[in-house]
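Owing to the predicted nature of the structure, the values given are computational and were not obtained by experimental measurement. We use all heavy atoms of the structure for the numbers below, so side chains are in, but hydrogens, waters and symmetry mates are not.
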Amino acid sequence: MHRIHFTSDDLARIRVAPTLGPMAETLFSLTMLRGRSGEATFGAWRRRARAGLDSRHAILGAVLPSRGPSFDLVNLAGPGHEFAESAERFLSRSRHAVQAELDYYADHHGRVPAVLAGLVDSLAARREALATVEGYHRAAVAPHWARIHSHLVAERARRGTILLDHGVDGLLSSLHPDVRWAPPTLHVRNGDERPAELTLDGRGLLLVSSFFLRVPTVMYDPRRLTGGLLVYPATLDADQAANVWTTGTPANALADLLGRTRAAILTAVAEGVTGTGVLARSLDVSSAAVSQHTAVLREAGLITTRRHHGSVEHHPTRIGLTLLDRQDTPHPAP
């Protein structure tokens, strides 16, 4: 049980975000992949995802062992609008930060698997691990990311409505059955017999929804300047899940209509790959070619383009999503 103690300043600094991003959700999905719960909502997805795994994916099992704490790659990679954004952050993390996570892992499991031990000093080992995680992401999560993202955006909007209608008490009391609000303390059941007392020291709490994570998880670092982080399960029923797993327009038909590269770009943008450079690398074409194709898609009203922090980002329009047979809300600008 985690007990999170709030001050009045902490209550004033509660924020709500839709998601930590595609890498975090991909890592959270490993818990659902390994388990047996949620058959009605995740059963079909789980069987397809498991069918694509082989010995090359050993790193996934090491990151999330069958029992005990995982290797916290989510914390090391951090949030990101794109998979590549979180990946770059992990590559830049210090030796000390990675070693600290491995030491915690070893304290609970007795040893560190060789596939993880090399992540401390070897940039090549980190890149190889990320390549494996990204391969799993592309097979198991990316085809559904546009709908997953839209579901999480809707979840955030729902929480905002609860906050407006019922205040902070209503918001914190309605997150999940395993989260209990007894002012000024939030009790989060986590299966640990030893209670953890957490103080936010006026820095507040960030509430983030997750599609795949079905138990509330507290991510707390006393050195975090922005306070604590509580990841809670987004509301999800069988009908909503079925809508997420529904595939869109067949790729060949879309390619015949738009051309193969433009169809691939539109699909990638709808799945949350927004940057020109990332699109170029993922599709193995030049940035100049991506710019030419996105200009055509933009003129056709299928995407929008904007500059954000010095980079160019593309987002699907409703027309573009409709063409993909995806009745999703377009990705909001950060």
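- Residue Glu128 places its CD atom among 12 or fewer non-hydrogen atoms of other residues, nucleotides or ligands, all under 6.0 Å distant.
- Arg203 contributes a side-chain N or O that, together with a main-chain N or O of Leu200, makes up a donor-acceptor pair within less than 3.5 Å.
- Minimum interatomic distance between Met32 and Arg214 (heavy atoms only, all atoms of both residues): CE-CG, 3.2 Å.
- Contact annotation: the side chain of Leu175 approaches that of Arg159 to within less than 4.5 Å [non-hydrogen atoms, C-beta and beyond].
- Annotation: side chain of Asn75 is in contact with side chain of Glu101 (closest heavy-atom distance under 4.5 Å).
- Under the salt bridge (Lys or Arg N to Asp or Glu O under 4.0 Å) criterion, Arg180 pairs with no residue, sequence neighbours left out.
- In this structure, Arg307 has no side chain to side chain donor-acceptor pair (under 3.5 Å) partners at least two apart in sequence or on a different chain.
- Pairing each heavy atom of Leu64 with each of Ser70, the nearest pair is CD1-CB, 3.7 Å.
- Applying the side chain to side chain contact (heavy atoms under 4.5 Å, CB included) criterion to Ala12, with sequence neighbours excluded, gives no partner residue.
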Please test Phe212 against Thr31 for side chain to side chain contact (heavy atoms under 4.5 Å, CB included), starting from the C-alpha separation and ending with a verdict. CA-CA 8 Å; Phe212 285 103; Thr31 302; over 6 Å; no
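- A donor-acceptor contact shorter than 3.5 Å links the side chain of Ser92 to the backbone of Arg89.
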Indicate every side-chain donor-acceptor pair of residues 228-236 with a distance under 3.5 Å to a residue at least two apart or in another chain.
from, atom 1, to, atom 2, distance (Å)
Tyr232, OH, Glu155, OE2, 3.3
Thr235, OG1, Arg158, NH2, 2.4

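- Residues Trp45 and Leu33 form a side-chain contact, since some pair of their non-hydrogen atoms from C-beta on lies under 4.5 Å apart.
- For the pair Ala87 and Leu130, the tightest heavy-atom approach, listed with the atom from each and the gap, is O-CD1, 3.7 Å.
- Between Glu134 and Arg127 no salt bridge is recorded (no basic side-chain N to carboxylate O distance below 4.0 Å).
- Side-chain contact check for His166 and Asp169: no donor-acceptor pair (N or O, by modelled atom type) lies under 3.5 Å.
- Ring centroids of Tyr104 and Phe71 are separated by 6.0 Å or more, keeping the two rings apart.
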Checking Ile4 against Thr185 for the side chain to side chain contact (heavy atoms under 4.5 Å, CB included) test, could you report, in this order, the C-alpha distance in whole Å, the side-chain angles of both residues, the deciding distance, and whether it holds? CA-CA 5 Å; Ile4 306 175; Thr185 303; 5.8 Å; no
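- Counting all heavy atoms, side chain and backbone alike, Pro65 lies closest to Arg34 at C-NH1, 2.9 Å.
- Between the side chain of Ser287 and the backbone N or O of Ala280 there is no donor-acceptor pair closer than 3.5 Å.
- Cluster membership for Val215 and Met1, using ILVMFWY side-chain heavy atoms within less than 4.5 angstrom, is not shared.
- The stretch residues 19-30 participates, sequence neighbours left out, in these side chain to side chain donor-acceptor pair (under 3.5 Å) pairs: Glu25-Ser210, Thr26-His137, Ser29-Tyr136.
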Given side chain to side chain contact (heavy atoms under 4.5 Å, CB included), test Phe42 with Phe211 step by step and report yes or no. CA-CA 10 Å; Phe42 292 98; Phe211 186 84; 3.6 Å; yes
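- Looking at Val74 and Leu20, their side chains come closer than 4.5 Å, going by heavy atoms from C-beta outward.
- Both Leu123 and Leu76 are assigned to one and the same hydrophobic cluster, defined by single-linkage of ILVMFWY side chains at heavy-atom distances under 4.5 Å.
- Under the 30°/60° scheme for interplanar angles, the aromatic rings of Tyr105 and His109 are found to be tilted.
- A side-chain donor-acceptor contact under 3.5 Å links Ser174 to the backbone of Leu171.
- Put simply, Ile14 and Ile162 are part of two different groups of oily side chains (I, L, V, M, F, W, Y) that touch within less than 4.5 Å, one to the next.
- The environment of Glu299 atom CD is sparse: at most 12 non-hydrogen atoms of other residues, nucleotides or ligands sit within 6.0 angstrom.
- For Arg3, the salt bridge (Lys or Arg N to Asp or Glu O under 4.0 Å) partners are Glu197, not counting sequence neighbours.
- No donor-acceptor pair under 3.5 Å is formed between the side chain of Arg306 and the backbone N or O of Val312.
- By the ring-ring contact (aromatic ring centres under 6.0 Å, His included) test, His5 is found to be paired with no residue, residues two or more places apart in sequence or in another chain being considered.
- For Thr161, there are no side chain to side chain donor-acceptor pair (under 3.5 Å) partners, not counting sequence neighbours.
- Classified by interplanar angle (parallel below 30°, tilted 30° to 60°, perpendicular above 60°), the ring pair His144/Trp245 is perpendicular.
- Looking at Thr132, its side chain never comes within 3.5 Å of a backbone N or O of His57 through a donor-acceptor pair.
- Checked against side chain to side chain donor-acceptor pair (under 3.5 Å), Asp72 has no partners two or more places apart in sequence or in another chain.
- With sequence neighbours excluded, no residue satisfies salt bridge (Lys or Arg N to Asp or Glu O under 4.0 Å) with Asp239.
- Here the closest non-hydrogen pair linking His2 and Ala196 is CD2-CB, 3.3 Å.
- Judged by distance alone, the side chain of Asp10 and the main-chain N or O of Gly202 form a donor-acceptor pair under 3.5 Å.
- Scanning for ring-ring contact (aromatic ring centres under 6.0 Å, His included) contacts around His314 gives an empty result, with sequence neighbours left out.
- Both Ile319 and Leu297 belong to a single network of hydrophobic side chains, linked directly or stepwise wherever heavy atoms of I, L, V, M, F, W or Y lie under 4.5 Å apart.
- Checked against a 6.0 Å centroid threshold, the rings of Trp181 and Phe6 count as neighbours.
- Pairing each heavy atom of Arg50 with each of Gly35, the nearest pair is NH2-O, 2.9 Å.
- Side-chain contact between Ser291 and Thr276: present, with at least one pair of heavy atoms (C-beta onward) separated by less than 4.5 Å.
- At least one donor-acceptor pair closer than 3.5 Å links the side chain of Arg147 to the backbone N or O of Asn243.
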Trace of the salt bridge (charged side-chain N to carboxylate O under 4.0 Å, His left out) decision for Arg93 with Glu88: CA-CA 9 Å; Arg93 292 304 296 262; Glu88 287 299 321; over 6 Å; no
Only distances under 3.5 Å count here; give the side-chain donor-acceptor pairs of residues 110-122 to other protein atoms, sequence neighbours excluded, each with its distance to 0.1 Å.
from, atom 1, to, atom 2, distance (Å)
Asp121, OD1, Arg95, NE, 2.6
Ser122, OG, Ala124, N, 3.4
Ser122, OG, Ala125, N, 2.9

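- Distance alone, capped at 3.5 Å, is enough to place a donor-acceptor pair between the Arg15 side chain and the Arg13 backbone.
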